[in-house]
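What follows is a short report on a single structure.
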Amino acid sequence: MTADPTIGIWPLRIEECECHRDGLAVSGEIDLNGHDEWEHALRLATGRTAAVHLHLAELRFIDVRGVTLLVNIADGLGDGKRIVVHEAPPGLQRVMKVLWPEAGTAIAIEGER
């Protein structure tokens, strides 16, 4: 099964990223209107490769449910698989520190905004 390179619902946009072979560029907002698209994109991407790179420089907002989906999917990855988050928005980092201070090695956050 191949992934649709662009999954979008305003104001959320998820595209395959040219930055990494297995990466997604996410822009806009992850909230109630975009949870299904966010979860679908994460599941497709994590099913294809050992390391998925999420580029979030253009992500303006992510709610707690959006972070929960990220953590739950990362927790379900097999040994050696992980999600690398680039330029995480402050809200994502705050929620992770409060609710999942020891998220483990399945999620690596590189770079802050």
Q) Which heavy atom in L70 sits nearest to a heavy atom in V85, and how many Å separate them? A) CD2-CG2, 4.4 Å

Q) Is there a donor-acceptor pair closer than 3.5 Å between any side-chain N or O of Q93 and the backbone N or O of A88? A) yes

Q) Could you state the interatomic distance from CG (L12) to CG (N33), rounded to the nearest 0.5 Å? A) 9.5 Å

Q) What is the distance from atom CG of L59 to atom CH2 of W38, rounded to the nearest 0.5 Å? A) 7.0 Å

(Q) Checking W100 against I107 for the side-chain contact (heavy atoms from CB on, under 4.5 Å) test, could you report, in this order, the C-alpha distance in whole Å, the side-chain angles of both residues, the deciding distance, and whether it holds? (A) CA-CA 11 Å; W100 298 281; I107 298 176; over 6 Å; no

Q.
Would you compute the distance between atom NZ of K81 and atom CZ of R48 and round it to the nearest 0.5 angstrom?
A. 11.0 Å

Q | Flag side-chain contact, heavy atom, 4.5 Å: E87 against L56 | A | no

Q) Does the side-chain contact (heavy atoms from CB on, under 4.5 Å) test come out yes or no for L54 and V84, once each step is laid out? A) CA-CA 6 Å; L54 301 177; V84 181; over 6 Å; no

Q) To the nearest 0.5 Å, how far apart are CG in L32 and CZ in R65? A) 10.5 Å

Q | Atom of V52, atom of A45 and distance for their closest heavy-atom approach | A | CG2-O, 3.2 Å

Q: Given side-chain contact (heavy atoms from CB on, under 4.5 Å), test R94 with V98 step by step and report yes or no.
A: CA-CA 6 Å; R94 280 193 300 270; V98 170; 5.5 Å; no

Q | Distance in Å, I14 CD1 paired with H55 NE2, rounded so as to fall on 0.5 Å steps | A | 14.0 Å

**Q.** E39 and its side-chain contact (heavy atoms from CB on, under 4.5 Å) partner, picked from L69, I30, N72
**A.** L69

Q. What pair of heavy atoms forms the shortest contact from A25 to C17, and how long is it?
A. N-CB, 3.7 Å

Q) Do V95 and D63 come close enough that some side-chain heavy atom pair is under 4.5 Å? A) no

Q.
On a heavy-atom basis, which atom in H35 and which in G66 lie closest, and how many Å separate them?
A. NE2-N, 3.9 Å

Q | Atom pair CD1 (I62) and CE (M96), whose distance is rounded to the nearest 0.5 Å | A | 10.0 Å

Q) Any salt bridge between E15 and R13, counting N to O under 4.0 Å? A) yes

